[in-house]
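First comes the structure, then the notes that go with it.
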Number of protein chains: 2
Amino acid sequence: MAPTVQAGAPRRVALSRDRVLRAGVALADEEGIDALSMRRLAQRLGVVPMALYRHVANKEELLDGMVDVVIGEIDPPLEGADWRTAVRERILSARRALLRHPWARPVIESRTGASPVVLDHMNSLIGMFRAGGFSAVLTHHVMHALGSRMWGFTQEVFPSAPPPEDPEQRAAMFQQVAARWPHILEIAGAGAHDQGSVVGQGCDDQFEFEFTLDLMLDGFERLRRQDWTPRR
Amino acid sequence: MAPTVQAGAPRRVALSRDRVLRAGVALADEEGIDALSMRRLAQRLGVVPMALYRHVANKEELLDGMVDVVIGEIDPPLEGADWRTAVRERILSARRALLRHPWARPVIESRTGASPVVLDHMNSLIGMFRAGGFSAVLTHHVMHALGSRMWGFTQEVFPSAPPPEDPEQRAAMFQQVAARWPHILEIAGAGAHDQGSVVGQGCDDQFEFEFTLDLMLDGFERLRRQDWTPRR
DNA sequence: ACCTGAACACCGTTCAAGT
DNA sequence: ACCTGAACACCGTTCAAGT
């Protein structure tokens with residue numbers, strides 16, 4: 001018997017870093033990031049908890065690796081498009097990847113230090129601006145302005161709790177909002193697709209994202225055209 | 001002896017919700033949000049852990065209350081200023097409050113559902129746009145565009161890890177970045193106050209924040225002036 | 001040399017027993 | 001009626017003992 005993986009003994013697929021990371025992504029996808037513990041992940045892989053530590057140094061490194069898996073799903077850059085189309089498509093592709101893995105947003109935000117995969121994405125975006133005629137300084141600020149939007153997400157701030165079921169309670173809540181926060185009520189339904197909805201309801205996230213993205217791209221283009229430099 | 005607080009017996013100041021929240025803020029300020037556990041907070045107050053549950057239902061509610069304390073530090077709105085100055089100052093004041101309590105950013109981001117204090121802040125901002133001549137629909141989108149920036153923070157994405165001490169290691173890292181991520185290197189120093197710094201170093205956060213805030217306010221003003229409505 | 005069970009030092013929260 | 005100690009069901013990770 002060669003000392004390789006025992007064929008014929010259908011025990012377990014050998015553990016590998018890749019298999020650990022993919023199982024982590026699957027677990028987080030299915031049960032949320034709070035359900036992802038080293039112990040539960042090990043159980044899912046039919047392995048003792050400490051076995052995971054052969055492939056990742058600790059939980060932080062597990063999360064880093066899982067983020068890389070998600071970022072790996074972003075489409076490659078468009079070839080031969082103008083800077084604006086290229087940037088826009090790249091960011092919207094990142095958004096699609098992140099929407100498939102909702103747990104990834106808070107995890108990306110909490111990372112300190114960038115992995116090679118993260119740096120690849122940033123380098124690629126920066127290259128698009130530079131090729132489009134943006135100066136190094138302007139590109140620097142423009143990348144800061146994008147911030148986490150380069151990953152296709154932003155922090156929404158409208159309360160997301162669904163309104164109470166009971167019509168009487170809902171009426172009472174309505175009264176209270178009308179009295180203390182009239183302006184919120186006033187704009188609540190505005191911009192919603194289905195009319196008569198309550199705060200934060202029926203609001204089209206994709207529309208809001210593209211609205212802001214385009215607002216920023218417009219701003220960038222304007223600064224580029226006027227050869228913006230920081231006033232000193 | 002009246003059954004009130006025993007005078008003369010210098011035991012402990014009576015626990016109250018307010019005292020619990022303030023102690024939570026102080027603990028998070030001093031030792032970070034990870035150090036804030038119900039058990040440690042109780043210990044700091046010289047109280048058994050379960051005593052806290054008289055004043056907050058659970059840890060989530062504790063965090064909600066702590067966020068309210070921080071938001072309570074934001075200055076009241078400017079009277080009689082134009083919309084742009086009023087909005088700008090309010091947001092920069094929120095930023096100052098948040099900078100005093102760095103743990104508050106991730107906590108605010110993780111809240112679901114808005115407290116009355118949060119709604120007050122939003123209502124006040126919305127009122128400023130409306131008074132400045134913004135339509136309800138445009139104000140709706142503009143508030144989404146601000147997102148978490150209304151609290152004076154945004155997610156920075158540049159790697160923040162300090163470069164290695166050892167000059168030889170630093171040179172090697174430099175080589176690696178130059179080879180694989182040339183564009184990142186190219187814009188790294190640009191926009192930094194002190195020259196010759198490395199990625200993410202010497203970068204003026206306050207400048208970046210105001211750069212983007214002004215870019216967005218410019219965009220808002222432009223849409224307002226052209227009576228923007230969503231194309232259907 | 002490799003692997004892993006038990007243990008450590010924590011969590012948030014429940015609950016029953018005590019005053 | 002009020003308060004609280006012990007307990008429950010978890011964590012991530014260390015480490016020594018086993019094969």
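Chain identifiers are assigned alphabetically (A, B, ...) following the order of the sequence lines, protein sequences preceding nucleic acid strands; residue numbering begins at 1 within each chain.
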Using a strict heavy-atom distance below 4.0 Å, which residues from residues 52-64 of chain A are in contact with DNA chain D?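 Result for residues 52-64 of chain A: A/Y53, A/N58, A/K59, sorted by number.
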Partners passing side-chain hydrogen bond (donor to acceptor under 3.5 Å, both in side chains) against [X] (at least two apart in sequence or in another chain):
{"X": "A/D205", "answer": "none"}
{"X": "A/R39", "answer": "none"}
{"X": "A/S115", "answer": "A/D68"}
{"X": "A/N58", "answer": "none"}

On DNA chain D, which is the earliest and which the latest nucleotide, 5' to 3', with an atom closer than 4.0 Å to a heavy atom of chain B?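 On DNA chain D, the outermost contacted nucleotides are D/dC3 to D/dA7.
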Under 4.0 Å between any heavy atoms, over every strand shown, what does B/M50 touch: base, sugar-phosphate, or nothing? Just pick one.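 Base contact.
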Is there a side-chain contact between A/V69 and A/H101 in this structure, where contact means two heavy atoms from C-beta onward sitting under 4.5 Å apart?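 Sidechains of A/H101 and A/V69: no contact.
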Contacts of type ring-ring contact (aromatic ring centres under 6.0 Å, His included), residue B/F211, not counting sequence neighbours: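 With neighbours one apart ignored, the set is A/H141, A/W228.
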Name the stems with DNA chain C in them: runs of three or more consecutive Watson-Crick or G-U pairs, distances under 3.5 Å?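 Consecutive-pair runs (3 or more) involving DNA chain C: C:4-8 with D:12-16, C:12-16 with D:4-8.
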How would you list, by chain and number, every residue that makes a side chain to side chain contact (heavy atoms under 4.5 Å, CB included) with [X], sequence neighbours excluded?
{"X": "A/R105", "answer": "A/E109, A/F153, A/Q155"}
{"X": "A/R90", "answer": "A/I74, A/P77, A/H121, A/S124, A/L125, A/M128"}
{"X": "B/P116", "answer": "A/R180, A/W181"}
{"X": "B/E31", "answer": "B/L27, B/A35, B/R40, B/R44"}

